[in-house]
There are 2 protein chains.
Amino acid sequence: MEYQEAKDKFISTWGSLGSLWGINKAMAQIQALLFISTKPLSMEEIMEDLKISRGNTSMNLRQLMDWGIVTKTLVAGERKEFFTTEKDVQELARIVAVERSRREIKPVVKVLDEVSSIKDDGTAKTKELIKQTKALHELTETMDVMINKLVNQKQNWITKSLLKLFK
Amino acid sequence: MEYQEAKDKFISTWGSLGSLWGINKAMAQIQALLFISTKPLSMEEIMEDLKISRGNTSMNLRQLMDWGIVTKTLVAGERKEFFTTEKDVQELARIVAVERSRREIKPVVKVLDEVSSIKDDGTAKTKELIKQTKALHELTETMDVMINKLVNQKQNWITKSLLKLFK
DNA sequence: ATAAACTTTCAATAATTATTGAAAGTTTAA
DNA sequence: TTAAACTTTCAATAATTATTGAAAGTTTAT
């Protein structure tokens with residue numbers, strides 16, 4: 001496999017994985033492109049390489065910056081903006097985990113808490129709703145705590161966690 | 001909040017969470033409905049409760065069965081089929097984790113392995129591609145091992161894991 | 001065998017989500 | 001200032017994904 005083929009394969013795989021995880025394709029592909037780039041890229045270069053429009057590139061770069069995965073970099077002597085992504089995989093994974101916790105898990109925990117706190121009117125169906133959503137609430141909250149715990153180990157968190165689990 | 005409102009809120013939240021995670025809305029809603037039901041439900045009842053068509057119900061029930069989350073149950077004296085979902089949250093989480101590992105993570109690990117194994121032609125961009133995809137490969141594989149490790153503790157795996165991590 | 005009761009399939013359609021591109025907005029250099 | 005260089009916004013459109021519903025398929029009881 002040649003460089004170009006490998007590159008395309010990586011970008012497209014990362015893109016479809018992204019959309020499977022609620023991150024849109026272009027966003028994932030831009031990140032992938034920056035991830036394997038040896039230097040910061042301009043909007044122009046990204047558009048050209050991925051064959052996507054200026055508008056699309058602009059919007060998705062913004063989202064990536066909102067996630068804290070991509071940052072603007074100044075390139076000496078250049079007027080236009082250049083972009084880079086976090087290059088350390090562990091730090092990348094940390095950011096993604098924290099963001100997903102904040103955006104997706106926490107709101108669900110809140111709803112589960114509300115739903116499981118309704119007044120028990122004594123009927124079987126109400127009891128079941130309360131019981132099951134309580135269990136789900138507890139699970140989701142535990143998972144969230146776990147993620148945040150894992151992720152706050154900073155240095156080498158994945159390896160450290162793995163070791164603990166294997167004991 | 002009354003029973004019906006709480007039920008609707010739970011089902012719709014679970015539904016949108018589902019679509020955020022690459023599971024379609026109807027599929028997640030059917031599972032949610034079964035999860036809080038006090039008895040097995042027929043296709044008829046599911047259709048009616050969620051206001052979705054027969055075809056949609058049939059297809060999504062099949063998917064839920066493929067995932068191993070929903071099972072057909074025979075109800076004495078009834079000809080039609082009835083459905084139930086796994087009611088234990090920890091077991092449910094285990095099944096989902098194993099399935100996602102199989103369906104999503106493993107194929108990506110494979111691609112990353114292929115891409116990171118291309119011949120190093122000495123250019124900077126090839127070196128960078130290899131380096132970064134290798135790092136991603138290692139990360140993804142470690143995470144996959146971690147998930148499978150977590151999940152194979154069977155009994156009370158989440159609590160057990162949390163304890164280990166807190167030490 | 002037949003027909004009623006039920007489930008599945010799948011082409012057509014609807015709903016949702018992503019993408020474009022050009023106009024509006026902003027920044028910088030001279 | 002002004003105008004060129006650049007970025008953002010957003011209504012229109014395209015692409016994708018989900019849903020319907022009716023015909024075809026299957027099972028069961030008689």
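Both backbone and side-chain heavy atoms feed into the values below; hydrogens, waters and symmetry mates do not. Per chain, numbering begins at 1; letters A, B, ... match sequence-line order. None of these values were measured; they are calculated from a predicted model.
- Within 4.0 Å of Glu44(A), counting heavy atoms only, lies no atom of the nucleic acid at all.
- In summary, the side chains of Asn148(B) and Asp144(B) do present a donor paired with an acceptor at a separation below 3.5 Å, with no hydrogens or angles considered.
- In this structure, Ile52(B) places its CD1 atom 7 Å from P of dT20(D), rounding to the nearest Å.
- Atom CZ of Arg79(B) and atom P of dT27(D) are 11 Å apart (whole Å).
- With 3.5 Å as the limit, one finds a donor-acceptor pair spanning the side chains of Thr126(A) and Asp121(A).
- Checking Met59(A) against Phe83(A), the closest nucleotide of DNA chain D that is more toward the 5' end is the one next to Phe83(A).
- Between the P atom of dC6(C) and the CZ atom of Arg54(B) lies a distance of 9 Å, rounded to the nearest Å.
- Gln31(B) and Trp67(B) share no donor-acceptor pair across their side chains, judged by distance under 3.5 Å alone.
- Rounded to an integer number of Å, the gap from Ile23(A) CD1 to dT17(C) P is 16 Å.
- Straight-line distance from the CD atom of Glu78(B) to the C1' atom of dA29(D): 15 Å, rounded to whole Å.
- Nucleotide dA23(C) is matched to dT8(D) when pairs are restricted to Watson-Crick or G-U wobble geometry with both distances under 3.5 angstrom.
- If you check every strand for non-hydrogen atoms under 4.0 Å, Asn56(A) touches a base.
- Between Leu61(A) atom CG and dT7(D) atom C1' there is a gap of 11 Å when expressed in whole angstrom units.
- Rounded to an integer number of Å, the gap from NZ of Lys25(A) to P of dA15(D) is 11 Å.
- The CD1-C1' distance, from Ile30(A) to dA18(C), rounds to 12 Å in whole Å.
- Between Ser58(B) and the phosphate of dT7(C), there is no side-chain N or O to OP1/OP2 separation shorter than 4.0 Å.
- For the pair Ile118(B)/Glu2(A), no side-chain contact is recorded, criterion being any heavy-atom separation below 4.5 Å from C-beta on.
- Here Asn60(B) does not reach the OP1 or OP2 of dA18(D): none of its side-chain N or O atoms lies under 4.0 Å away.
- With respect to the salt-bridge test (charged N to carboxylate O, under 4.0 angstrom), the residues Lys9(A) and Glu114(B) qualify.
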